[in-house]
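Chain naming here is simple, since letters A, B, ... match the order of the sequence lines and numbering starts at 1 in each.
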Amino acid sequence: MQPKLNRLLRALAREGLEVTYDGRLYSVRLQADANAPPAEVLLPPDLPVEGKAFQQLAHLAALRHPSGGEVLRVRATPDFHPGDSGVAIGSVLHTRGLVVPGAVGTDINCGMRLHVADLSVDDFLARRDAFVERMKGHYFFGTRDVAMSSRASTALLRDGIPGWLLETLDAPLGCARAADLKQLDAEVERIHLGGVLRGNPDWAPEALTREGVVRDAGLATIGGGNHFVEVQRVEAVEDRARAWAWGVREGQLAFMIHSGSRDVGKHVGVAWKDRARKAWPQGAPFPDSGILPLADETLVSQYLEAEATAANYAFLNRLLLAELLRQTLRELFGDVEAPLVYDVPHNITLPHEGGFLARKGACPAAAEQPVIIPGSMGATSFLMVGCGDARALESASHGAGRARSRFSLARAGADQSEAALGLKGVDCISLREERRVEEAPAAYKPIRPVVDSQVEAGIVREVARLSPLLTFKA
DNA sequence: ATGTGC
């Protein structure tokens, strides 16, 4: 391990990076810019590292805007890996006087949602096939009814889940019929930020606000990449008091949702990538990294409003993915209670100490707050509680982190046996075989060391572990 | 991340 590490440090030095490592925490900065704050990465020695991700972190920390504002700190979680827009997944960026749209990207308010269900695992598995057929219909073949009035859609984009609920309670339609509205109303407090950021429907695709009935084919769909919906079993409870308070008990059926704002986030993210370029001061050289911050006060607040608009949509997307599943459980098993444990975004910009914290694939981990860290397909997932660690910028990892690219897995000649891919015994429902391979357990780092390193560092504590029964991938 | 694509 040690020679390998030394080789990595030497290679990074040749590429102009100054890197130190104390066996737990890396500190990275550009040699050419001693005034930039160092970027820190929590990473145990036995986890694989990629030089490109360090490069991206160092450049993010060195980011400046000619007219002011500053990067205060950059921190990365142990699941960090290179991002294709120039910002590593797992980056947490603390700024003042500027924001960086690329530090969130297009997958705005990608996040996690966890429910537990009052149903035995045996009873569930006895009707697995019927359940799978119904859910395939909802998630893959569009048998869901997610129509909204344009009033409800507009209220959602502006005022989040509470706004949507108000309009929907008033004039139920489509997805509202599917939803148990009273229960949803009671569950709003278990959504991070109450399921609302102040948005503006003008930033959303026009089809979502057009007068009449809005039928959005993307709503209540899982999406690609690492997104999934998984049925799980609560395997072990470590913190009994907290688990009890959150309604989580050993042996329960559970379901976990990992999804985001779909096309709406892409619409906003792409538009603002363009705007950031156009707003860059005339004559100033573009940063090598290609990452462009916004410093103008009006542009900053407009961007945050646009990001919030997509974030509100993502909250509803996860809510409806859960609602379809909850409704299907009721159809098959009668009056099953399946309460929300928590819903938390891990791709979002939020106010922090007079400035902003942009998380790209990092879960908020303020003190006492539920933290959801999914394992890769087939692996254990974790329900944790945050410790509010300031050095970690109150952030935990958002998963195990990708270890191999999609392409490296799909490459001809690679060993694609079920065993080599780690797919043996994994019940994965997917429309496309490639997806199962691209997202196979072998594509990801092991979750255990990622979680343990964060517990040891005082960032999170374990509340419960969940093991997978059935995974839906689009 | 995205009705993608080394």
Side-chain angles (χ1 to χ4, degrees), chain A residues 50 52-53 56 77 79-91 100-113 136 139-142 144 146 203-205 207-208 215-229 257-274 290-291 306-307 309-311 313-315 317-318 321 344-349 358-363 374 376-377 397-414 416 430-440 443-444 472-474:
Chain A
E50 274 187 77
K52 192 178 170 191
Q56 293 182 340
T77 56
D79 63 334
F80 89 121
H81 55 99
D84 45 51
S85 64
V87 178
I89 317 299
S91 302
V100 183
V104 167
T106 55
D107 192 12
I108 295 166
N109 188 1
C110 179
M112 301 299 308
R113 173 178 263 256
K136 275 163 86 173
Y139 288 159
F140 303 151
F141 303 124
R144 66 193 181 285
V146 294
W203 298 117
L208 288 178
R215 293 180 193 280
D216 176 11
L219 192 58
T221 58
I222 298 172
N226 55 358
H227 291 177
F228 65 81
V229 172
I257 291 166
H258 183 186
S259 189
S261 49
R262 314 288 285 107
D263 284 351
V264 183
K266 191 191 174 197
H267 177 88
V268 169
V270 167
W272 278 88
K273 194 178 174 177
D274 193 44
I291 310 162
E307 203 196 283
T309 309
Y313 180 92
F315 281 129
N317 189 43
R318 285 195 293 275
L321 284 166
V344 61
H346 54 222
N347 267 28
I348 203 157
T349 309
R359 294 182 174 94
K360 186 174 197 163
C363 184
S376 56
M377 195 195 297
S397 77
H398 82 312
R402 197 168 254 289
R404 297 169 63 187
S405 73
R406 290 206 252 287
F407 300 120
S408 98
L409 277 157
R411 199 162 41 209
Q416 294 201 11
S430 182
L431 278 184
R432 298 161 66 191
E433 174 63 17
E434 314 91 271
R435 192 79 83 195
R436 254 177 92 253
V437 172
E438 289 167 359
E439 294 294 318
Y444 286 85
F472 292 92
K473 302 279 291 186

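A:Gly225 comes within contact range of the sugar-phosphate backbone alone, with a heavy-atom separation under 4.0 Å but no base atom that close. A:Gly223 comes within 4.0 angstrom of sugar-phosphate atoms only, judged by non-hydrogen atoms across all strands, and of no base. Residue A:Gly105 is classed as having no contact, given no heavy-atom separation below 4.0 Å to the nucleic acid.
In summary, the side chains of A:Ser85 and A:Lys360 do present a donor paired with an acceptor at a separation below 3.5 Å, with no hydrogens or angles considered. With 3.5 Å as the limit, one finds no donor-acceptor pair spanning the side chains of A:Ser261 and A:Asn109.
Across the protein-nucleic acid pair, A:Ile222 atom CD1 and B:dT4 atom P stand 17 Å apart, rounded to whole Å. If you measure from atom CH2 of A:Trp272 to atom P of B:dT2, you get 22 Å, rounded to the nearest angstrom. The nearest whole Å value for the distance from the NZ atom in A:Lys273 to the P atom in B:dT2 is 16 Å. Put simply, CD on A:Glu434 is 16 Å from C1' on B:dT2, counting in whole angstrom units. Computed from coordinates, the A:Lys473 NZ to B:dG3 P distance equals 15 Å when rounded to whole Å. One interatomic measurement links the two molecules: CG of A:Asp216 to C1' of B:dT2, which rounds to 14 Å at whole-angstrom precision. As rounded to whole Å, 11 Å separates atom P of B:dC6 from atom CG of A:Asp84. Between A:His227 atom NE2 and B:dT4 atom C1' the separation is 14 Å, expressed in whole Å.
The aromatic rings of A:His81 and A:His398 sit parallel, their planes meeting at an angle under 30°, below the 60° perpendicular limit.
Between the side chain of A:Asp79 and the main chain of A:Ser397, no donor-acceptor pair closer than 3.5 Å is present.
At a cut-off of 3.5 angstrom, counting only N and O atoms as typed in the model, there is a donor on one side and an acceptor on the other between the side-chain of A:Glu438 and the base of B:dG5.
Dashed line: the shortest gap from a side-chain N or O of A:Arg432 to OP1 or OP2 of B:dG3 is not under 4.0 Å.
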